[in-house]
Amino acid sequence: MGRGKIEIKRIENSNNRHVTYSKRKSGIIKKAKEITVLCDAKVSLVIFASSGKMHEYCSPSTTVADILEKYHTHSGKRLWDAKHEVGT
C-alpha cells in the first residue's frame, strides 16, 4: 500500500518547512548519486535554501563547468561568459 497524496503548496509552519526541506534535499541528492552510478549519467545539482545557503552535487566523472558547457552546446543558451571565469 502506497502513501497518500499530499497537496503541493507552501508549508506555513517554519519548523515543518525546514524538516521537509532537509529530507527532500537529502532525497534528491541521493537520487542524483544513484542515477550517476546506475546509468553512468553526468549530473550536476545546485539547490539554494530560502536562507540563501547553497547545497550542491556533481558526478565524480565531471565538473560543473563541463556540464554547463555541454548544456550550452546542446541548448544554444549561454549561461556565462569567459570574463566570469577564474583567472581571466
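Under a 4.5 Å side-chain heavy-atom criterion applied to ILVMFWY residues, the cluster that includes L38 comprises that residue alone. Through side-chain heavy atoms spaced under 4.5 Å, either directly or across other Ile, Leu, Val, Met, Phe, Trp or Tyr residues, V43 is tied to Y21, I28, I29, I35, L45, I47, Y57.
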Only pairs under 3.5 Å count here: list side-chain donor-acceptor contacts from residues 5-12, not counting sequence neighbours, and write none if there are none.
unit_1 : atom_1 : unit_2 : atom_2 : d
R10    : NH1    : E12    : OE1    : 3.4

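For S50, the side-chain contact (heavy atoms from CB on, under 4.5 Å) criterion is met by no residue, not counting sequence neighbours. With sequence neighbours left out, the side-chain contact (heavy atoms from CB on, under 4.5 Å) criterion links H18 to no other residue. The side chain to side chain donor-acceptor pair (under 3.5 Å) search around S44 returns none, not counting sequence neighbours. Take N13 and apply the side-chain contact (heavy atoms from CB on, under 4.5 Å) test, not counting sequence neighbours, and it matches N15, N16. Partners of T63 by side chain to side chain donor-acceptor pair (under 3.5 Å), not counting sequence neighbours, listed by chain and number: D66.
Nearest heavy-atom pair, S59 versus A41, reported as atom, atom and distance to 0.1 Å: OG-O, 3.4 Å.
Interatomic distance, S26 OG to H55 NE2, rounded to the nearest 0.5 Å: 9.0 Å.
Each salt bridge (charged side-chain N to carboxylate O under 4.0 Å, His left out) pair with one or both residues in residues 14-25, not counting sequence neighbours, would appear here, but there are none.
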